[in-house]
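All heavy atoms count here, side chains included; hydrogens, waters and symmetry mates do not. Whatever order the structure lists them in is the order used to number ligands and atoms, beginning at 1. The model shown is predicted, which means the values in this text are computed figures rather than measured ones.
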Amino acid sequence: MRLLYDKIRQDGKVYPGNILKVDGFLNHQMDIALIEEIGKEFYQRFSTCEVTKILTIEASGIGIACFVAQRFRVPLLFAKKAKTKNLGNDVYVSRVASFTHGNVNDVVVSKDYLSADDKVLIIDDFLANGQALRGLIDIVRQAGATVVGAGTVIEKGFQGGGDALRKEGVRVESLAIIHSMTDDGTIVFRNE
Ligand code: 5GP
């Protein structure tokens, strides 16, 4: 997605530890015109999949996923990071290691909102090692529902999470796949 490549090059900042900051347009301040285009692009890529629900994870996935859900005219469901150890039986739970925060979270979704009939498109802002997506896929499968695919805005291809999932048969579509990035700010995209 050319618009996104340009935006990443213009406003993205590379930080030590393979972190790309895109706070100016994606996950702190949000460029709504761009996010609207992102929603449209994911709709085009998955429009034939009979999607019944969009699933993401709090917090930064939510704003983006809203625009995708609006296109599909289906509900947006977001997994919550559990704050209590006492989760009860009415939730699906999966354990997710956070790449950026270096901790582990239980993420939960109420059983009320995901069922075996659902065809779920998972959306997130970033794909790095793939832990967040794996947690969400696990939750969909616990519900007996179908994962039609996963859409991420920026995939750091050099971390391998996306390709590992593709090898396992998950359809993963990322709008910008970064082949390499260096601390001086040089970013090379995979298919450019
Ligand atoms: P993964 O689970 O694929 O390793 O990492 C994905 C999650 O970590 C995303 O939900 C995103 O919030 C965060 N993340 C991973 N890499 C980056 C990065 O380079 N920049 C930012 N802003 N977030 C990242």
Between N129 (side chain only) and Q131 (backbone N and O only), is there a donor and an acceptor less than 3.5 Å apart? no

Margin query: Does R2 form a salt bridge (Lys or Arg N to Asp or Glu O under 4.0 Å) with E192? I'd like the steps, not just the answer.
Written below: CA-CA 9 Å; R2 167 56 51 195; E192 204 178 17; 3.3 Å; yes

Exercise. Is it possible for you to check whether R171 lies under 6.0 Å from the centre of the six-membered ring of F46, through NZ or CZ, and within 45° of that ring's axis?
Key: yes

For R45 and S174, the nearest pair of non-hydrogen atoms, with its separation, is NH1-O, 3.8 Å

Report task. Run the salt-bridge test on E37 and K7 with the 4.0 Å N-O cut-off and return the result as yes or no. Result -> no

The answer, listing residues by chain and number that come under 4.0 Å of ligand 1 through any heavy atom, is N18, I19, L20, N27, F99, T100, D124, D125, F126, L127, A128, N129, G130, Q131, A132, K156

With a 3.5 Å cut-off and no angle check, do the side chains of N27 and S60 form a donor-acceptor pair? no

